[in-house]
**Student:** 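Take this structure, written in structure tokens, and hold onto it; I'll ask about it next.
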Number of protein chains: 2
Amino acid sequence: MELKNIYPQFEPELLELLEEKGMHKTFAAGEVILRTGQYIKSTALILSGCIKIYRENEEGGEFLMYFLQAGQACAVSMICALQADTSEIMAKAEEETEVLLVPVELMESMMTKYRSWYQYVIQTYRSRFDEMLTVIDHIAFQNMDERLEFYLKRYSEQTGKKMLELSHQQMADDLNSSREVISRLLKKMEQQGRVKLHRNLVEVVK
Amino acid sequence: MELKNIYPQFEPELLELLEEKGMHKTFAAGEVILRTGQYIKSTALILSGCIKIYRENEEGGEFLMYFLQAGQACAVSMICALQADTSEIMAKAEEETEVLLVPVELMESMMTKYRSWYQYVIQTYRSRFDEMLTVIDHIAFQNMDERLEFYLKRYSEQTGKKMLELSHQQMADDLNSSREVISRLLKKMEQQGRVKLHRNLVEVVK
DNA sequence: GGTGTCTCGTGACCAATGTCACATTACCAC
DNA sequence: GTGGTAATGTGACATTGGTCACGAGACACC
């Protein structure tokens with residue numbers, strides 16, 4: 001995929017610079033890209049695929065925060081990279097994912113020189129901030145059934161699929177709940193005709 | 001309080017610019033500074049006092065996210081201001097608070113021109129991001145007793161007081177819980193000798 | 001088609017927290 | 001002091017969600 005098609009808003013000169021200095025890298029599905037406590041030396045622009053951003057607790061639970069897709073960038077990596085600081089979150093490739101790694105040294109001069117980059121960075125911060133707010137709202141104010149509902153909806157929207165290849169255990173992990181609870185709630189949703197359940201597969205009827 | 005004492009890292013020229021173009025404003029204790037859905041036209045630098053940043057739910061619960069104090073700035077206002085967008089959160093003065101309002105038009109040129117401002121903005125994003133992560137961790141992974149403990153600790157640290165002038169109801173609101181639950185937990189803490197309870201006042205023994 | 005493994009279904013039970021009701025206490029205004 | 005109001009204490013109970021135990025189904029590999 002061409003960089004300029006994914007980031008059409010960037011100036012041609014900026015695109016050239018990114019192509020020249022950026023490093024292409026591909027992660028296999030399931031590969032951990034970024035670990036809590038790891039130092040960050042570059043910002044990742046996603047070219048294709050999907051990255052899961054999550055928070056790990058002591059027992060290894062993977063609490064889902066949000067997904068990143070083509071055209072998006074990791075705000076955390078931007079922030080940390082700029083201070084040569086460590087990450088506080090985990091990132092994992094949901095599917096095979098191609099990224100462009102932009103060295104941190106370039107960031108400041110790009111911010112100053114290219115207005116589209118400046119805009120893009122601000123925009124990225126803004127979206128991630130909103131995403132975090134949404135997460136907070138959901139865990140603070142909603143019950144598990146509403147959260148599951150939202151989870152399935154978002155998953156379906158982001159992947160563009162109505163058939164979600166997820167086990168109950170995976171969903172429970174993402175929502176920091178337990179398999180049994182998710183099973184029960186899904187069963188209820190199935191009885192209401194809102195989903196159809198199969199092995200490792202949830203079909204969103206809507 | 002002099003601007004240059006609160007923000008010693010800023011270049012003299014930047015300080016001058018801020019003094020010239022910024023608008024001083026004082027909010028009374030309890031005054032709402034920023035409302036969900038409100039448009040933002042400037043970024044606020046806090047000169048003195050304390051601002052509470054919280055999320056409001058449908059029933060009017062005020063779920064505390066974090067506090068801002070002298071030397072800090074509202075990341076949300078930075079982000080929103082830059083896109084002339086609306087706020088997603090609420091801000092209220094905890095005590096009498098003095099801020100310097102920096103018009104959004106200045107932001108971009110300041111970012112480009114003053115390295116210390118650029119660093120400051122990045123740093124602000126970083127802190128707020130971390131703060132949001134902490135909030136998520138707490139509501140996702142911790143029980144109410146641990147959250148209450150952390151809440152009191154933070155409150156005490158931020159105000160520098162051991163006597164917290166809070167009613168049980170206020171704490172319950174901040175933690176999105178109910179008064180009875182907080183009362184019970186506080187009672188338990190008192191029995192363990194970790195706090196002393198008075199009317200509208202919690203004394204942290206530590 | 002037998003066997004093992006992973007996934008899912010489900011009832012019983014428990015812990016944490018929210019809700020309700022009402023008593024008690026502290027403080028304020030007069 | 002007296003009365004009123006706001007804050008707090010507390011028991012009873014409901015609800016949500018987590019845990020345990022175990023069984024049933026699905027799928028793979030031989």
Side-chain angles (χ1 to χ4, degrees), chain A residues 30 57-64 135-152 155 163-204, chain B residues 30 57-64 135-152 155 163-204:
Chain A
N57 73 353
E58 323 76 49
E59 291 96 37
E62 302 191 351
F63 182 74
L64 172 67
V135 171
I136 290 177
D137 274 5
H138 281 93
I139 43 179
F141 302 135
Q142 305 207 309
N143 290 340
M144 200 48 85
D145 51 355
E146 300 169 291
R147 290 178 51 203
L148 177 59
E149 184 108 33
F150 176 79
Y151 172 81
L152 294 174
Y155 217 107
M163 313 292 274
L164 312 180
E165 291 172 32
L166 293 163
S167 73
H168 297 185
Q169 187 63 60
Q170 277 175 272
M171 295 184 246
D173 287 346
D174 285 345
L175 293 166
N176 193 43
S177 177
S178 73
R179 183 188 62 77
E180 294 93 323
V181 171
I182 300 300
S183 285
R184 276 192 279 258
L185 292 175
L186 281 173
K187 211 68 205 157
K188 209 189 292 175
M189 288 179 70
E190 189 177 41
Q191 281 158 10
Q192 297 168 349
R194 333 225 329 251
V195 293
K196 279 182 191 161
L197 302 178
H198 316 271
R199 189 189 173 84
N200 281 320
L201 195 79
V202 177
E203 187 180 342
V204 180
Chain B
N57 72 355
E58 323 76 49
E59 291 97 39
E62 301 191 352
F63 182 74
L64 172 67
V135 171
I136 290 178
D137 275 5
H138 280 93
I139 41 180
F141 302 135
Q142 304 208 312
N143 290 341
M144 199 49 83
D145 50 356
E146 299 169 291
R147 290 179 50 204
L148 176 59
E149 184 107 34
F150 176 79
Y151 172 80
L152 294 175
Y155 217 107
M163 312 292 274
L164 312 180
E165 289 172 34
L166 292 163
S167 73
H168 297 184
Q169 187 62 60
Q170 277 175 273
M171 295 184 243
D173 287 346
D174 284 345
L175 293 166
N176 192 45
S177 178
S178 74
R179 183 189 62 78
E180 293 93 323
V181 171
I182 300 300
S183 285
R184 275 192 280 258
L185 292 175
L186 282 174
K187 210 72 204 149
K188 210 188 294 174
M189 287 179 71
E190 189 177 39
Q191 281 158 11
Q192 297 168 349
R194 333 230 323 258
V195 294
K196 280 183 192 157
L197 302 180
H198 315 269
R199 189 187 173 87
N200 281 320
L201 194 78
V202 178
E203 186 181 345
V204 180

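Protein chains get the first letters and strands the later ones, always in sequence-line order, with residue 1 at the start of each.
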**Student:** Search all heavy atoms of B/Tyr151 against all heavy atoms of B/Gln170 and return the closest pair with its distance.
**Tutor:**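 Smallest heavy-atom distance, with atoms named: OH-O, 4.4 Å.
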**Student:** Checking B/Asp137 now: which residues fulfil salt bridge (Lys or Arg N to Asp or Glu O under 4.0 Å) with it, not counting sequence neighbours?
**Tutor:**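 Checked B/Asp137 against salt bridge (Lys or Arg N to Asp or Glu O under 4.0 Å); matches are A/Arg55.
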**Student:** Just verifying a value: how many Å separate A/Leu185 CG and A/Glu146 CD, rounded to the nearest 0.5 Å?
**Tutor:**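 Going from CG on A/Leu185 over to CD on A/Glu146, the span is 11.0 Å.
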**Student:** Reading DNA chain C 5' to 3', which nucleotide is the first, and which the last, to come under 4.0 Å of any heavy atom in chain B?
**Tutor:**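 The contacted stretch runs from C/dT17 to C/dC27.
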**Student:** For B/Lys187, give me all partners under salt bridge (Lys or Arg N to Asp or Glu O under 4.0 Å), at least two apart in sequence or on another chain.
**Tutor:**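 So B/Lys187 forms a salt bridge (Lys or Arg N to Asp or Glu O under 4.0 Å) with B/Glu190.
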**Student:** Could you tell me the separation between the CG atom of A/Leu185 and the P atom of D/dT16, rounded to a whole number of Å?
**Tutor:**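 Going from A/Leu185 (CG) to D/dT16 (P), I get 10 Å.
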**Student:** Going by heavy atoms closer than 4.0 Å, what residues in residues 170-179 of chain A are next to DNA chain D?
**Tutor:**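 A/Asn176, A/Ser177, A/Ser178 - these, ordered by number, are the residues of the stretch whose heavy atoms sit under 4.0 Å from the strand.
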**Student:** Looking at DNA chain C, which of residues 139-151 of chain B put a heavy atom within less than 4.0 Å of it?
**Tutor:**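 The stretch gives B/Asn143, B/Met144 as the residues lying under 4.0 Å from the strand, ordered by number.
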**Student:** Taking A/Asp174 for the side chain and A/Leu64 for the main chain, is one N or O donor matched with an acceptor at less than 3.5 Å?
**Tutor:**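 Checking the backbone N and O of A/Leu64 against the side chain of A/Asp174, no donor-acceptor pair under 3.5 Å is found.
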**Student:** Write down the atom of A/Ser167, the atom of A/Asn200, and the distance for their closest heavy-atom approach.
**Tutor:**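 Heavy-atom minimum between the residues: CB-OD1, 3.3 Å.
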**Student:** Could you tell me the separation between the CD1 atom of A/Ile182 and the C1' atom of D/dT16, rounded to a whole number of Å?
**Tutor:**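 It is 13 Å, rounded to the nearest whole Å.
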**Student:** If you compare all heavy atoms of A/Ser178 against all heavy atoms of A/Ala172, which two are closest, and at what distance to 0.1 Å?
**Tutor:**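 Heavy atoms of A/Ser178 and A/Ala172 come nearest at C-CB, 3.5 Å.
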**Student:** Output the rounded distance in Å from CD (A/Glu180) to P (D/dG23).
**Tutor:**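 About 16 Å, once rounded to whole Å.
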**Student:** Find the distance B/His168:NE2 to D/dA6:C1' and express it as a whole number of Å.
**Tutor:**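 Those two atoms, NE2 and C1', are 13 Å apart.
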**Student:** Is the backbone N or O of B/Gln142 less than 3.5 Å from a side-chain atom of B/Arg147, with the two atoms forming a donor-acceptor pair by type?
**Tutor:**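 Here the side-chain-to-backbone pair does not exist.
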**Student:** Nearest 0.5 angstrom please: B/Glu203 CD to B/Leu197 CG, how far?
**Tutor:**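 With rounding to 0.5 Å, CD (B/Glu203) is 9.5 Å from CG (B/Leu197).
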**Student:** Looking only at heavy atoms, which two atoms of B/Ile136 and A/Ile136 are closest? And how far apart?
**Tutor:**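 Smallest interatomic distance, heavy atoms only, reads CG1-CG1, 3.5 Å.
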**Student:** How many whole angstroms separate atom CD of B/Gln191 from atom C1' of D/dT10?
**Tutor:**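 From B/Gln191 CD to D/dT10 C1': 12 Å.
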**Student:** How many angstroms lie between CG in A/Leu175 and CD1 in A/Ile139, if you round to the nearest 0.5 Å?
**Tutor:**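 Taking CG in A/Leu175 and CD1 in A/Ile139, the distance rounds to 10.5 Å.
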**Student:** Strictly under 4.0 angstrom, non-hydrogen atoms only: write out the protein contact profile of nucleotides 25-30 of chain D, one letter per nucleotide from the 5' end, B, S or -.
**Tutor:** BBS---
**Student:** In sequence, state the C-alpha distance, the side-chain angles, and the governing distance for B/Met171 and B/Val202, and then conclude on side chain to side chain contact (heavy atoms under 4.5 Å, CB included).
**Tutor:** CA-CA 11 Å; B/Met171 295 184 243; B/Val202 178; 3.4 Å; yes
**Student:** How long is the straight-line distance from CZ of A/Arg194 back to CG of A/Leu152, given to the nearest 0.5 Å?
**Tutor:**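 With rounding to 0.5 Å, CG (A/Leu152) is 9.5 Å from CZ (A/Arg194).
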